[in-house]
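Shown next, in structure tokens, is the structure this report addresses.
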Amino acid sequence: MADSGRIIVITGNGKGKTTAALGTAFRALGHGQKVCVIQFLKGQGKYGERIMAEKMENLHWFICGKGFVFSKENIEEDREVARQGFALAQEKIGSDLYDLIILDEITYLPHYDFLEVEFIVDLLRNKPKRLSIIVTGRNADPKLMEIADTVSTIESIKHAYEQGIKAQKGIEF
Ligand code: ATP
Ligand code: MG
């Protein structure tokens with residue numbers, strides 16, 4: 001019988017949340033498991049991980065949104081994109097096709113009042129048994145941390161960006 005899946009939250013201001021989740025994806029894929037990544041509120045940039053994902057048949061990658069806008073003029077558009085992303089997450093979680101689903105940056109939905117955290121909590125609580133879910137993003141709501149089996153906070157001690165070093169191919173994207 002398959003093991004029960006976990007709920008994992010990776011939060012905090014330091015670098016390494018999305019890449020830690022993708023490290024877990026790599027691990028699961030190595031065992032022949034099926035992985036789904038849903039990225040909330042991200043643009044269509046040429047991220048190395050997305051280019052790689054296109055070449056991997058057991059890794060299905062979905063992008064919602066058009067970038068971190070969070071401007072007052074676009075708030076309704078952002079909210080709609082966030083809701084569409086959440087509906088996609090409901091569909092993929094309910095499909096029971098996957099062993100691991102990564103909800104990358106979903107923590108911003110309740111943080112920016114795009115969606116009440118209870119909807120995400122319910123979705124996680126009712127996941128298929130074998131499925132593991134990783135939630136990433138800053139400012140994770142305490143209710144998300146409470147329902148999780150594993151919670152890690154990545155603290156920023158320093159980041160190259162603060163020393164004027166710009167985002168680098170292969171490291172930041
Ligand atoms: P990564 O994708 O590298 O694992 P992350 O998921 O922890 O980072 P996010 O909060 O999603 O970080 O930020 C997105 C982008 O900002 C990434 O390119 C990341 O490298 C960069 N970043 C992360 N932390 C910091 C920081 N403390 N200062 C400046 N840039 C950062
Ligand atoms: Mg991230």
Side-chain angles (χ1 to χ4, degrees), residues 6-30 35-56 59-71 74-75 77-79 81-86 88-89 92-93 98 100-115 117 119-121 123-124 131-145 147-173:
R6 315 271 186 85
I7 298 172
I8 300 168
V9 171
I10 307 172
T11 191
N13 291 332
K15 171 175 164 55
K17 298 174 290 296
T18 297
T19 45
L22 295 176
T24 312
F26 199 85
R27 186 170 275 174
L29 290 164
V35 179
C36 175
V37 175
I38 301 178
Q39 294 197 293
F40 291 81
L41 309 173
K42 273 268 171 94
Q44 304 282 331
K46 281 232 161 267
Y47 286 77
E49 58 267 41
R50 292 182 192 164
I51 299 166
M52 194 64 205
E54 285 168 18
K55 301 174 187 163
M56 303 181 78
L59 176 57
H60 298 166
W61 197 288
F62 302 91
I63 304 161
C64 304
K66 51 200 164 19
F68 286 104
V69 185
F70 300 135
S71 66
N74 290 316
I75 191 101
E77 219 175 301
D78 282 346
R79 192 184 305 277
V81 166
R83 295 241 162 106
Q84 286 169 9
F86 182 72
L88 185 70
K92 296 302 170 191
I93 289 171
Y98 298 102
L100 172 66
I101 294 184
I102 296 172
L103 303 175
D104 190 40
E105 327 291 356
I106 198 174
T107 58
Y108 294 103
L109 269 53
H111 188 66
Y112 286 94
D113 280 333
F114 291 151
L115 187 80
V117 72
F119 286 99
I120 303 175
V121 169
L123 183 61
L124 298 181
L131 175 67
S132 289
I133 299 179
I134 305 181
V135 165
T136 86
R138 298 178 189 205
N139 306 109
D141 189 287
K143 288 179 181 159
L144 291 177
M145 301 209 241
I147 197 185
D149 302 291
T150 299
V151 179
S152 295
T153 295
I154 300 185
E155 183 189 359
S156 183
I157 304 298
K158 59 178 169 176
H159 191 287
Y161 182 77
E162 295 144 8
Q163 295 139 56
I165 302 166
K166 64 179 172 50
Q168 189 182 337
K169 184 188 274 189
I171 302 293
E172 266 89 29
F173 63 91

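Both counts, for ligands and for their atoms, begin at 1 and track the order of listing.
At most 12 heavy atoms of other shown residues, nucleotides or ligands fall within 6.0 angstrom of atom OH in Y161.
Once rounded to the nearest 0.5 Å, the distance linking CG of L131 with OH of Y98 reads 10.5 Å.
R83 is linked by a salt bridge (charged side-chain N to carboxylate O under 4.0 Å, His left out) to nothing, counting only residues two or more places apart in sequence or in another chain. Take K15 and apply the side chain to side chain contact (heavy atoms under 4.5 Å, CB included) test, not counting sequence neighbours, and it matches H159, I171, E172.
The distance criterion of under 3.5 Å between nitrogen or oxygen atoms is met by G16 with respect to ligand 1. In terms of polar-atom proximity, R138 is counted as a contact of ligand 1, with an N or O under 3.5 Å from an N or O of the ligand.
Within the listing of ligand 1, atoms 7 (O), 24 (N) sit less than 4.0 angstrom from a heavy atom of G14. For ligand 1, the atoms closer than 4.0 angstrom to any heavy atom of N13 are 24 (N), 27 (N).
No side-chain N or O of E54 forms a donor-acceptor pair with one of W61 less than 3.5 Å apart. A side-chain donor from one of T136 and D104 sits under 3.5 Å from a side-chain acceptor of the other.
The shortest distance between side-chain heavy atoms of K169 and K46 does not fall below 4.5 Å.
Among the atoms of D104, no N, O or S atom is found under 2.8 Å from the Mg ion (ligand 2). Here T136 fails the criterion, with no N, O or S atom under 2.8 Å of the Mg ion (ligand 2).
The heavy atom nearest to atom 11 (O) of ligand 1, considering only Q39, E105, K158, E162, is found in E105.
Within the 4.0 Å heavy-atom criterion, the part of H159 lying near ligand 1 is the side chain and not the backbone.
Of all the N, O or S atoms in E105, the one closest to the Mg ion (ligand 2) is OE2.
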